[in-house]
Chemist: 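Sharing a structure with you now.
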Amino acid sequence: NIERTINRVMMVVIGTQAALAMACNICYNMTLDNFLGLWYLYPLRQPKEFVLPSWAASWFTFFVLFSNLMPISLYATMEVCNFAQAFFLQNDLEMYDEEQDCPALVRSTNLCHELGQVSYIFSDKTGTLTQNVMDLKRMSIGDLIYGEVTESRGFSAAPDVRSARAFGARAADAIDAFLEILAVAHTVMVTEDQWGTKKYEAESPDEGALVEAVRELGWNLKSRAGHTLCVEVDHRGGSAKSAREYTVLAVNAFTSARKRMSTVVRNPSGEIWVLVKGADNVMLDRSASSAPSLPAHLTELAQEGLRTLVLGRRRLSTQEYEAWHSEFEKAQTAQSNREGLLAAVAEKLETNLELVGATGIEDKLQVGVGDTISRLRAAGIKLWVLTGDKLETARNIGYSTKVLSDRMEVLVLDSPPNTGADALRKELSVMMSAASSASDEGREVALMVTGASLELVADFSLNAPFLEVAMRCKVVIACRVSPLQKAWMVRLVRTGISPQPVTLSIGDGANDVPMIQEAQV
């Protein structure tokens with residue numbers, strides 16, 4: 001921090017000024033008798049009288065005489081420079097976003113010199129490296145994957161899905177179960193604009209994109225009134241449509257810690273179902289049955305850089321639902337630890353799921369993000385990308401954004417949850433040797449680490465070995481990490497590296513707030 005550095009320099013200047021004044025004061029008092037005989041200095045042959053003792057008064061005299069050592073105008077000069085830099089930033093046409101009619105806005109003049117000292121950047125992926133404009137591209141249902149990643153907007157395999165619904169009874173049941181979850185398990189509201197056109201308002205771009213996509217596949221969300229959802233469903237093999245009403249009995253909201261959301265509904269037949277959407281790692285752990293090809297499909301979708309979401313469901317008996325709902329209501333009305341109690345109640349329901357498939361959603365990259373990252377790396381700034389996506393998705397996004405390059409040695413720390421402290425320490429030691437060898441050969445090194453591995457590092461107090469490996473790497477990508485883990489990684493760099501580096505955190509969502517608060521910028 002420049003201001004802190006200047007303050008320390010000022011203390012040194014004041015100390016030097018005081019020492020010079022003391023040295024001159026001592027010499028003056030030692031030779032005072034010689035000066036008293038000079039009539040043009042002391043006509044009365046005695047020193048002037050002061051309120052302070054003569055030695056103190058003479059010290060202050062010399063201290064004032066040396067006051068020109070103190071650069072009084074330095075702070076004013078700094079502020080003028082900061083103001084000028086802020087002015088240029090706000091009027092830079094290359095930092096103007098024409099689409100949103102938004103120029104750069106400098107909220108703090110101190111930001112300019114802090115940006116120039118940044119050595120570590122911590123960035124979220126979604127909405128930061130990407131545009132946060134979601135588009136459903138592929139769907140895994142049963143043993144098949146529908147759709148392809150194309151440049152055009154929308155889902156490319158809608159005719160194939162409609163055909164499968166019309167002519168394959170078994171496939172049609174699986175497809176309808178899949179589409180039913182997308183059309184019903186959400187918190188999307190149906191509104192009308194000033195021209196009477198219906199549109200969807202969603203809490204997240206993912207939900208909005210999924211509901212928009214299934215509308216083209218024959219499951220059209222028509223309205224939401226209170227706890228009632230009305231969905232218009234195309235008949236299989238025909239042009240007729242029918243309206244289905246679902247009663248939403250409970251919603252277990254998505255959180256970054258749970259990485260899933262679920263909705264308890266009563267369908268038109270009177271059956272009670274819990275419909276769940278979530279990240280693959282948490283959904284696979286809670287499954288009772290799924291298609292054998294689902295893990296391979298998830299890997300394929302992730303390798304194409306798509307955001308994956310696994311869908312599951314379970315039928316509830318009336319007795320099971322009533323027993324659970326009583327606990328749910330108690331948790332909702334709890335005066336303390338309400339969020340924890342609701343999560344515990346939801347955990348009891350979201351088990352033994354029948355996994356019906358997975359979605360692959362594309363999130364387009366920001367314009368120019370690749371060139372920007374290349375320039376940051378050329379400037380010697382280390383980039384850490386902290387994302388909630390799975391490992392394969394993050395890897396492919398890393399290559400497409402030029403965070404990773406083909407010439408890099410990519411190390412992967414993906415330890416299973418049952419890994420012991422000694423095994424993890426040995427794995428870090430092997431990675432340290434590999435990173436050192438690559439650096440000695442002049443090759444850049446990147447590290448990819450999962451949230452589960454970071455949890456083990458923190459539990460076993462292996463922060464120092466992990467940080468030593470990370471410091472050898474030009475790039476670090478953390479996958480499937482929670483908001484608290486993001487903040488922990490920023491804090492690890494700030495407290496574990498000496499001298500303390502200046503860190504910059506960039507994010508666009510509530511789950512990025514802890515990370516942003518930990519960084520200096």
Side-chain angles (χ1 to χ4, degrees), residues 115-125 128-130 302-305 365-366 368-387 389-415 424-451 453-454 457 462-481 485-486 488-490 492-494 496-506 515 519 521:
L115 285 174
Q117 300 175 83
V118 169
S119 52
Y120 283 84
I121 293 180
F122 297 86
S123 173
D124 178 42
K125 183 186 75 68
T128 307
L129 300 182
T130 60
Q303 287 174 346
E304 294 179 328
L365 298 177
Q366 297 277 12
V369 67
D371 293 337
T372 301
I373 290 175
S374 296
R375 293 180 182 181
L376 289 174
R377 286 173 49 199
I381 298 175
K382 294 187 176 182
L383 178 65
W384 290 32
V385 179
L386 315 179
T387 176
D389 290 332
K390 64 180 298 170
L391 188 69
E392 290 80 4
T393 302
R395 186 197 299 270
N396 283 277
I397 292 295
Y399 282 112
S400 61
T401 57
K402 298 183 181 179
V403 173
L404 300 176
S405 68
D406 295 332
R407 294 175 295 175
M408 276 186 173
E409 178 78 15
V410 181
L411 307 177
V412 179
L413 181 60
D414 186 12
S415 304
L424 184 60
R425 187 179 289 106
K426 183 178 180 180
E427 189 173 359
L428 289 172
S429 177
V430 171
M431 296 179 73
M432 184 65 194
S433 301
S436 300
S437 300
S439 298
D440 294 341
E441 295 171 5
R443 290 181 292 134
E444 293 183 339
V445 185
L447 172 65
M448 299 192 69
V449 57
T450 60
S453 299
L454 288 177
V457 169
L462 296 176
N463 298 2
F466 171 76
L467 182 59
E468 192 174 356
V469 174
M471 287 175 61
R472 293 271 183 174
C473 301
K474 194 77 172 178
V475 172
V476 176
I477 300 179
C479 321
R480 290 296 191 213
V481 289
Q485 286 177 320
K486 291 182 179 182
W488 176 82
M489 295 189 75
V490 179
L492 181 66
V493 170
R494 288 192 60 182
I497 300 177
S498 182
Q500 187 182 84
V502 176
T503 56
L504 164 67
S505 289
I506 309 173
M515 172 182 73
V521 184

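All values reported here derive from a predicted model rather than from experimental measurement.
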Chemist: State which residues pass side chain to side chain donor-acceptor pair (under 3.5 Å) with Glu468; sequence neighbours excluded, sorted by chain then number.
Modeler: none

Chemist: What closest approach, in Å, do Asp389 and Cys479 show between heavy atoms, and which atom pair accounts for it?
Modeler: O-CB, 3.3 Å

Chemist: Within a strict 4.5 Å, meaning less than it, do heavy atoms of the Asn396 and Glu304 side chains meet?
Modeler: no

Chemist: Thr128 side chain to Lys125 main-chain N or O, any donor-acceptor pair under 3.5 Å?
Modeler: no

Chemist: Does CZ in Arg375 sit with more than 12 non-hydrogen atoms of other residues, nucleotides or ligands closer than 6.0 Å?
Modeler: no

Chemist: If you define the side chain from C-beta out and look only at heavy atoms, does anything of Val449 sit under 4.5 Å from Val481?
Modeler: no

Chemist: Give the minimum heavy-atom separation between Met515 and Ile506, together with the two atoms involved.
Modeler: CE-O, 3.4 Å

Chemist: Taking the side chain from Ser415 and the backbone from Ser453, do they hold a donor-acceptor pair closer than 3.5 Å?
Modeler: no

Chemist: Can you tell me how far the CE atom of Met448 sits from the CD1 atom of Ile477, to the nearest 0.5 Å?
Modeler: 4.5 Å

Chemist: Atom CE in Met471, atom NZ in Lys382: separation rounded to 0.5 Å?
Modeler: 6.0 Å

Chemist: Does Glu409 use its side chain to pair, donor to acceptor, with the backbone of Ala438 at less than 3.5 Å?
Modeler: no

Chemist: Measuring only between side-chain heavy atoms, which start at C-beta, is Thr372 closer than 4.5 Å to Gln366?
Modeler: no

Chemist: For the CG atom of Leu365 and the CG atom of Leu129, what is their distance to the nearest 0.5 Å?
Modeler: 8.0 Å

Chemist: Going from CG on Asp371 to CG on Leu376, what distance comes out if it is rounded to the nearest 0.5 angstrom?
Modeler: 11.0 Å

Chemist: How long is the span from the CG atom in Asn463 to the CG atom in Leu467, to the nearest 0.5 Å?
Modeler: 8.0 Å

Chemist: For Ala394 and Thr387, work out which heavy atoms get closest and say how close.
Modeler: CB-CG2, 4.1 Å

Chemist: I'd like to check Tyr120 versus Met489 (side-chain heavy atoms, cut-off strictly below 4.5 Å). Are they in contact?
Modeler: no

Chemist: Between Lys402 and Arg377, what is the shortest heavy-atom contact and its length?
Modeler: O-NH1, 2.9 Å

Chemist: Hey, could you give me each pair passing salt bridge (charged side-chain N to carboxylate O under 4.0 Å, His left out) that has a residue in residues 471-481? Not counting sequence neighbours.
Modeler: Asp280-Arg480

Chemist: Does any N or O in the side chain of Ser429 come within less than 3.5 Å of the main-chain N or O of Arg425, such that one atom is a donor and the other an acceptor?
Modeler: no

Chemist: Given side chain to side chain contact (heavy atoms under 4.5 Å, CB included), test Leu413 with Leu428 step by step and report yes or no.
Modeler: CA-CA 8 Å; Leu413 181 60; Leu428 289 172; 3.9 Å; yes

Chemist: What closest approach, in Å, do Lys486 and Leu386 show between heavy atoms, and which atom pair accounts for it?
Modeler: CE-O, 3.5 Å

Chemist: Flag the pair Trp384 / Val490 as yes when at least one side-chain heavy-atom distance between them is below 4.5 Å, and no otherwise.
Modeler: no

Chemist: Please find the pair of heavy atoms, one from Ile397 and one from Gly305, that lie closest to each other, and give the distance.
Modeler: CD1-O, 3.8 Å

Chemist: Working to the nearest 0.5 Å, report the span between CZ of Phe122 and CG of Leu504.
Modeler: 9.5 Å

